[in-house]
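Quick notes on the structure that follows.
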Amino acid sequence: MAENYDFKQVEEKIIKFWEKENVFKFNPNKKGQVYAIDTPPPTVSGKMHIGHAFSYSQQDFLARYHRMKGDNVFYPFGTDDNGLPTERLVEKTKNVHAKDMSREDFIKLCMEFLKEELPRFIHGWKRIGVSSDFDIYYSTINEHSRRISQWSFLDLHKKNRIYRKDAPAMWCPECQTGVSQVEIKDKEIESTFNTIIFKVGKENIKIATTRPEFLPACVAIFYHPDDKRFKSLKGKKAKVPLFDFEVPILEDKRADPEKGTGIVMCCTFGDQTDMEWQKAHNLPIKEAITPNGKMSELAGKYNGLNIKEAREKIIHDLKDAGLLTEQKKISHFVNVHERCGKEIEFIKSKQWFVKYLDLREDMLKWGAKLKWHPEFMKTRYDNWVKGLQWDWLISNQRYFGVPFPVWYCKKCGEAILAEEKQLPVNPLKDKPLKKCKCGNNEFIPEKDILNTWFTSSMSPQIAIKLMPDSIQKNLFPMALRPQAHEIITFWLFNTVFKSNIHFGKNPWENVMISGFVTLEGEKMSKSKGNVVEPSEVIDKYGADALRFWAAGSRLGEDLDYQEKDLVTGKRFITKLWNASNFVFMNLKDYNHKKPKKIEKIDELFLIKLNSLIKNCTEHFEEYEYSKAKSEAEKFFWSMFCDNYLEIVKKRIYENKENKESAQYVLYHSLFSILKLMAPLMPFITEEIYQLYFKNPKNSSNFGTQKTSGFLGNEKEKSIHISQWPSFEKEGKTDELDLFIEILSKVRQEKTKAQKSMKAEIILSIEKENMKKLKDILGDLKDVTNAKEIKEDSFKVEFV
RNA sequence: GGGCCUAUAGGCUAGUGGCAAACCACCUCGUUUACACCGAGGACUCGGCAGUUCGAUCCUGCCUAGGCCCACCA
């Protein structure tokens, strides 16, 4: 009698076994089509969360399926540990502030932190059974990644896609960094609408604003051309209160007569419209706010105050001067930096950009060439491309990241780029290889770092270039990019863009997009406090149960986390365990020889199994692992356990002469079912394989097999590199269907009569059914425990 | 404001132009050679309105609700 399945002990043991035996090691010389996966490198910003467990499980289903199907799976693993998220984690854990330290010390601290943190972090992915080759590993901050990222910069520059300009850039005063379009989000905040009096000659005009601190940067007043109320003001000048300078009053369609008082001030730069006006009317640029979030000299007596203080003071002074007529509390949406939640400001600053707005048509074509799974995710890409308004801002004024390979000549200011052969370069330490064109040999290093997406959008190259040159060409373009849908607009999009510019082709053929995990219908997030820790789930139910749950929703769909589903998964695992033990209890004298005759009922069962295999294979090909799961699950539970095992029990218990046929079919059908489940539940299937199926001569590293007498006969060292079951036998199974229908009716009768399922009966069935079932009547007799089967209308008599 | 997705039993999910399904929970019964983490059975359901159709849960349109992405935000 086998003991209970101890998932904790087994899963840890199997993780070590896979590692020791190099089961998932990529072998470039292996035959078979290469299937390269652009594994998402998780951001090192804390612990793994359940959304990770969910989406990495789903991509692993596909990786394991392709491996068993015979593809040569290239499945690297990386961590995204450059840039802000990691900085923030280090600041928090080590209780330091980057800006209080020397840059070098801070970077050193980050690297030390990563060294001790990463193994623990990565173990989370091993624990859920991700079958990456963890030796093909990259960190987006290591030398290798820096070299490739900087090369990308040089190459884009060569292709005239890089420029640096003085531009109103979105700026986070809190993080003191430029922020790209993708790093901002909306937040609803309470604010006050202040109605302020501007003088036009002797006339008063009222202008409403939530940002009175921008008054010193006011450059114009606008009203809508159709708005008759203000027509008389055209061409006149208004005097800015408190600051006493004059600005022109102009017409522009973007002024909304319905909003505020219908007339609006334009300040550079209060918001995006201000920037458009500035451009359209060629207005001067005034900077009221400095990069550290303080008022500039332009603000006169408010110079040096932070934004909020200045706002309060200015409101106070306006009140005193009688220039404030109304204050209304409102709540509105503003752009905030997604990392820190603080309001974004626009400031004039020198930033590096990648020029790509001119390529929107091409971008749509690139997106159309990808195979999207599920298909509807493509529209998100398209909508993003159509909505692009700015070029890609790639510089961040932070510390921990890939530096720009750039210096500036101290004399003429010319930007000097590093040469390819000196990469990776740290401009703070290294020097250009040549003098500046102007003959000067002194340089100012660029201190900015490249935005993390600039580096992670090179993930295919970063992974591939870990391999020897000779095989790199087989790996690109890759077969698959798996990822979550919220970063289609940045990671996916930027990778497609870069690949097409650098190499003239898409980086992969397929993309698979996971949904996310919800709790009671809401997205899980730290800020909402509704997170579930995957490590706790695994402790309680095991990784297989977690994966079983992750296989429960279709690709791209969100899935609600319900503990019940984990219970179901665990139950299924127990059932697999028990059924396998039972099968092998009855195979002690099995000799692996194919019996001379396969009994009819066994044959019919094999045909059923065959169509299951066919369906599951098709589902995996279509990324529909959830369909494969539910079909295999149902087949195993009801067709295999509840029906087939019951049917063959008596034949084996009573040692009938045709029992070899049953044994042969038991062995092979259970093996096939295990293989179908192996991509989804890699641990329990491996354990059963190792204990029963593998030839003990090959199992030196796993411990002894369980059953005495019976010897497994399979050669592969792991079920995960065994061959995916094939499907050959097709045919009709009408007799078996009828058989099961009758069996089920008999069971109903027994239940109705409140009898045991084992109660002995006399069964009567119709003549035509008797005829149809003539080859399998003996089995029907066995499974229903009928003393005899008579020809009559259906009837169950108890003896 | 634009877009995408979703709406099926008490809960979570399948699915189909013609009987609506699995699992959990619930109720009844059984259970001594794998499994009480079992087996047999029961009960309950297609968001609303219109259209196409012999027939719509499924196709079309509108509405409602929720989620997500984007834009706007003086």
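As a basis for the values below, the full set of heavy atoms in this structure was taken, side chains included, without hydrogen atoms, waters or symmetry mates. In what follows, chains carry the letters A, B, and so on, assigned in the order in which the sequence lines appear, proteins first and then strands, with residues in each chain numbered from 1.
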Regarding [X], tell me which of base, sugar-phosphate or nothing describes its non-hydrogen contacts under 4.0 Å with the strands shown.
X: A:Cys267; answer: nothing
X: A:Trp549; answer: nothing
X: A:Ser744; answer: sugar-phosphate
X: A:Thr209; answer: sugar-phosphate
X: A:Ile488; answer: nothing

If you compare every side-chain N and O of [X] against the phosphate oxygens of [N] (OP1, OP2), does one of them come in below 4.0 Å?
X: A:Lys758; N: B:U31; answer: no
X: A:Tyr381; N: B:C70; answer: no
X: A:Trp577; N: B:C37; answer: no

I want to verify a distance call: between [options], whose nearest atom is closest to the [X] side chain?
X: A:Lys649; options: B:A34, B:C68, B:U32; result: B:A34
X: A:Asp642; options: B:C70, B:A40, B:U32; result: B:A40
X: A:Arg554; options: B:U32, B:A14, B:A34; result: B:A14
X: A:Asn578; options: B:C70, B:C38, B:C35; result: B:C35

- Message: Can you measure A:Glu486 atom CD to B:G67 atom P for me and round it to whole angstrom units?
- Response: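 Roughly 17 Å, once rounded to whole Å.
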- Message: Going by salt bridge (charged side-chain N to carboxylate O under 4.0 Å, His left out), name the residues that satisfy it together with A:Lys750, two or more places apart in sequence or in a different chain.
- Response: none
- Message: Using the salt bridge (charged side-chain N to carboxylate O under 4.0 Å, His left out) criterion, which residues pair with A:Lys745? Sequence neighbours excluded.
- Response: none
Would you list the protein and nucleotides 1-5 of chain B atom pairs, both N or O, that sit under 3.5 Å from each other?
unit_1, atom_1, unit_2, atom_2, d
B:G3, O2', A:Asn383, ND2, 2.5

- Message: Regarding A:Lys650 and A:Asn785, do their side chains bring together a donor and an acceptor under 3.5 Å, going by distance alone?
- Response: yes
- So does A:Lys575 reach the base of B:C35 with its side chain, donor to acceptor, closer than 3.5 Å? yes
Please write out the pairs of protein N or O atoms and N or O atoms of nucleotides 23-29 of chain B separated by less than 3.5 Å, giving the distance to one decimal.
unit_1, atom_1, unit_2, atom_2, d
B:C23, O3', A:Arg571, NH2, 3.3
B:C24, OP1, A:Arg571, NH1, 3.3
B:C24, OP1, A:Arg571, NH2, 2.4

- Applying the Watson-Crick and G-U criteria (both distances under 3.5 angstrom) with [ ] for crossing and | for other-strand pairs, one obtains for RNA chain B (((((((..((.(....[..).)).(((((.......)))))....(((((..]....))))))))))))....
- Note on the structure: For A:Arg211, the side chain to side chain donor-acceptor pair (under 3.5 Å) test, sequence neighbours excluded, returns A:Glu213, A:Glu345
- Query: Considering only the P atoms, how many Å lie between B:A22 and B:C44, rounded to the nearest integer?
  - Reply: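 Approximately 14 Å lies between the P atom of B:A22 and that of B:C44.
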